[in-house]
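Below is one structure; the comments refer to it alone.
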Amino acid sequence: MPPDEEGTGAPTAPEIQRRVLRYWEEHGVPDRAYGGTPDGPVFRFTEGPPGVNGPPHLGHTEPRTLKDVQLRYRRMRGARIVSAMGGWDCHGLPVELAIERKHGLKSHRDIESFGVERFCDECRATALTYADVWREMSRRQGFWLDYDHPYRTMDAPYIESVWWALKTLFDRGLLDKGHYVLPYCPRCETTLSSHEVAQGYREVSDPSVTVRFPLEGEERDLLAWTTTPWTLPANLLVVAHPDLEYSVVRTGDGRDVVLATQAVPRYFSGPVEVVARLPGADLAGRGYVPPFDAAGPGDGRYRVVLDDFVTAHEGTGLVHSAPSFGPDDYRIGAREKVGVFDPLDGRGVFGDAVPLVRGKPFKTADPILVADLAERGRLFRSETIRHTYPFCWRCDHALLYRAIDSWFVRTSRVTDALVRYNRASRWVPEYLRDGRFGNFLTEAKDWALSRSRYWGTPLPVWVCAKGHATCLGSFAELAQLSGAPLPADFDPHRVTVDRVVLSCPTCGGESRREPYTVDVWFDSGCAPFAQFHYPFEPGPFDPAAPLDFVSEAIDQTRGWYYTLLVIATMVFDRPAFRANLTCEFLLEETGRKMSKSRGRVLEPLELLDRIGGDPIRWLFLSQDFTAPIRAGEDTLEKSGHRTLGALRNVVAFHLENARADRLPPVLTAPTASNVLDRWLLSRLEGLRTASTGAHESFDPRPAAAAVREFVDDLSTWYLRRSRPRFWAAADRPERRAAHATLAFVLLELSRLLAPLLPFTAEWVWQEVGERGWSAADRSVHFAGWPTESAARDPALEAGMRELRDLVEVGRELRQRAEVRSRIPLAELVLFGPASPELAGLGTEGTALLAEELNVKRVVRASAESAAGYPESAWVVREDGGRPVAALPRRPSPELLEEGWAREVGRRLQQARKELGLRYLDPVAVTVSAPEPIARALRRRSTALATDLLADPFDVVETPLEPGPDIRRWDVDGVAFSARIVRRATGAAPG
RNA sequence: GGGCCCGUAGCUUAGUUUGGCUGGAGCACCCGGCUGAUAACCGGGAGGUCGUCGGUUCAAAUCCGACCGGGCCCA
């Protein structure tokens, strides 16, 4: 620190950060760091690629902190990181939606008349809009990944690797086409995967209608309940449970109704006339008149069938079934061979089959259909209910479930392997593995992979008129089968690829591409190998090796973690990763999820600048990130005050101290003899062990906790008690020892901090080390992880703990005796023999205790009783009836006088500080005090004059002339005053 | 509707696996002390229906059940 900044204290976290960033960037430190040691042991990692057509929020810094901690640790252990590439997820609906909004496009037809090629071009141009903001956020939080060479899921080589994976699945019979009921967004005109659906459930009001289904040739109506009247035109069956009991209830209007006995109270209050009771099985096969004559006749339609999925917990215990619009309906329809009838077009609009609502979107048809039923006497009851219903997570349009063609990854065929390979992974926190994630695996449904969209990896499947499907696994195959070479700048997106017509390898006929793109989650699941263009180019990807480590937030249990595992299992037949570290979400102060759509957002760039990357990293590391963390401005600003602030001040103290006397850096462990030095070195070794263990087990929490305790001990005990040694002359051995210990410990500490707090650690390393800020390879991040810092001495640590407990006891006694600490007392009495650990601290330990408590000596007394220590003269601390320690109630006159001198001296020092005087500014002092104090001051005037740099130092008993340079004090009822005048500078100090 | 996690002082939380001393700490607050590194530190104080109810037990924050509330996941 330059001399003119002497005494200004420690720099703030943002100041340190700016200094460190400047050093890193001037010397190209991160560029050299990313990949780790080129010939070191391989540590496999892949960054889960974020979509960056929108800005990040502060929550995104949480898992990135966790990733960075582990990667920094591995680099310091000499690992080669495969790979440290940043990555961007480029495809998918979020990007498409931005373009649709920009041009007011509302449907597939709109996009196609706009031009698919132009549409994709705009998507490509938009996909990385916020990449620079994400990069800047990474820079400011000290998140080291190589963003100069990121992988991008829209690049041709990446897509070719994805094709290779799809082809591998296809060849193994794990990728094929099916017709199933899937969630479908009529606005986006595509199917969605179940995890996308899960993001969009909302509470809404819907019609709740109970409809009469007249039984053929009977004066009875079946009652069936639905919240989706728009599915009634597609009704083909009514389903009953074979074992439920049904009642025929007389209604008085001439037509009896049939419903589950359990459901009767829901529909009738008071006594009802039950005409008959029968099991559901008896209803099987009876024909009924459908509510609308839309589907037309067909074998087996409009009759009652049986299935176990029916319950009587809600509705009537009879279920109206439209096989095109529900998974169970579809299954039953297929079993009963009644076919599928879907009156809606791709946008969810009714066609000619239902004239009543022709041209109406499905939801708006509800009231029209219900009114018509009522008019025809088919409506038994009509109400409105609140329930949850799925909406499109991106465009907010109501979804529907419908039977539709789709390509599937047959994950359900490899459930056992998924479970087995998941069990081979370590999860932090552990319970996620077999809990949330494991449960999901055992129920794994086939993965609906295809999307009827435009901006994505095109499904590389071509089908000929005879239905022969050909899956391509490379661009070379495409060129070969199409009979034409590909252009040098071939871009494998829609239009380009759609234009290619192949000749079917089976029959030679014309083969056209299936007009789908692939779920973006398949793209990102391929990242571990597609980032290297595997298997088309040589690279470090090893098909047999799982990743060593991944880390993301909790939402990825159903997202990226899942697709990584599916692809690792199906393509490479191995686990996806060895270890996984998962954090919960960062919540707003109110406990709600961070979201741009709701009110005020904590803006990450601004916060990282104003508060600093390290304090924000510390917020995540010092709390339990496996639970949701709530953060507001306040929390953020306070984060790191305690530990980081204390540490910065210890370093500032050290620097001031070392530089004042030009003491050298200390690079190797000093041989310590002083008990405090030995203790601190032992604590340092404890910290090193704890940190190493934590990082090796992929959980940084214990490392952060150990750092907090260590810094606390360093600041509030080691430094506090070592201060007299630091103030000794520069050539004194005790000063040298204290300096050597603190210098070494800080340097070593900075290496242990480097993974957690990269900026602070760098600052400490550069400032305390030997050649500050000088070259790229001088960064703490290249300094390696310490192997052994010093010798561990558990007995010494235990003894010191005991001693510090005794300090607390002593303070309590002083408080009770009402004798302030500055006034020395004759002795501290400890009862009973010292424990071996405490005794092990020897006379140094006793001296520490005496100095800290300002007593002249520490003596031991028999543990039996405090009989010799009457209450009139002693305060005694007892524990469980046995005496522990005792202190005299009053000081002797001599001690009192000594205390007063110290009191006055301290006040004068305080005054110097308040007057803005520097350490070496000489002053002239006149003190006025009443007799006993004046005498005490005169006796010690030489020492006081030296301490205060005062010449002359006069003591008078007469009052001082009033004036602006007079200070007055009143301590315990005794008044004294002083005049302190700064002398002309240039005079020799001391 | 089902699953997972959670509920302890105004706030942040330890303790719950394996029941056992007076439920421990930090921030904030009040009183006092200490301080020429510190946004600190030290002593004392005040602040707790350990979400609610019931059960098991000599003994429950801890184990069991039900319920209430929050978050996430699934439907």
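Per chain, numbering begins at 1; letters A, B, ... match sequence-line order.
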Margin query: Any N or O donor-acceptor pair under 3.5 Å from the base of B:rA40 to the side chain of A:S715?
Written below: no

I need the [atom1]-[atom2] distance between [X] and [N], as an integer number of Å.
X: A:Y562; N: B:rC73; atom1: OH; atom2: C1'; result: 14 Å
X: A:L400; N: B:rA75; atom1: CG; atom2: C1'; result: 17 Å
X: A:E656; N: B:rA37; atom1: CD; atom2: P; result: 8 Å

Margin query: Please confirm whether the shortest side-chain N or O distance from A:Q623 to OP1 or OP2 of B:rU12 is below 4.0 Å.
Written below: no

Item checked: Residue-phosphate contact under 4.0 Å: A:R648 side-chain N/O, B:rA37 OP1/OP2 -> no

Contacts of [X] that satisfy salt bridge (Lys or Arg N to Asp or Glu O under 4.0 Å) - sequence neighbours left out:
X: A:E430; answer: none
X: A:R723; answer: none
X: A:E808; answer: none

Margin query: Can you tell me which nucleotide in B:rC4, B:rG43, B:rU35 comes closest to the side chain of A:Y431?
Written below: B:rC4

Check: In terms of side-chain heavy atoms of A:R906, which of B:rU35, B:rA37, B:rC72 is nearest?
Finding: B:rU35

Next item on the list: Using the P atoms only, state how far B:rA60 lies from B:rU17, rounded to an integer number of Å.
Entry: 15 Å

Item checked: C1'-based separation of B:rU52 from B:rG7 [nearest Å] -> 11 Å

Next item on the list: Tell me, please, whether A:F710 has A:R683 positioned over its six-membered ring: NZ or CZ under 6.0 Å from the ring centre and within 45 degrees of its axis?
Entry: no

Margin query: Let's test your reading of the pairing rules: Watson-Crick or G-U wobble, both distances under 3.5 Å, then write RNA chain B as a dot-bracket string with ( ), [ ], | and dots.
Written below: (((((((..((((......[...)))).(((((.......))))).....(((((..]....)))))))))))).

Next item on the list: Could you tell me whether A:K856 and A:E898 have a side-chain N and a carboxylate O separated by less than 4.0 Å?
Entry: yes

Margin query: Looking at A:E852 and A:R720, is there a salt bridge between them, counting it only when a charged N and a carboxylate O are closer than 4.0 Å?
Written below: yes

Write down the protein N/O and nucleotide N/O pairs, taken from nucleotides 31-33 of chain B, whose separation is under 3.5 Å; answer none if there are no such pairs.
| from | atom 1 | to | atom 2 | distance (Å) |
| --- | --- | --- | --- | --- |
| B:rG33 | OP1 | A:R820 | NH2 | 3.2 |

Notebook entry, point to check: What residues form a side chain to side chain contact (heavy atoms under 4.5 Å, CB included) with A:L896, not counting sequence neighbours?
Noted result: A:I823, A:P891, A:W900

Margin query: Taking the nucleotide of RNA chain B with the nearest heavy atom to each, does A:E852 or A:L714 sit closer to the 5' end?
Written below: A:L714

Check: In terms of the angle between their ring planes, are A:Y561 and A:F437 parallel, tilted or perpendicular, with boundaries placed at 30° and 60°?
Finding: perpendicular

Next item on the list: Assert yes or no for the condition that the ring centre distance of A:F726 to A:F653 is strictly below 6.0 Å.
Entry: yes

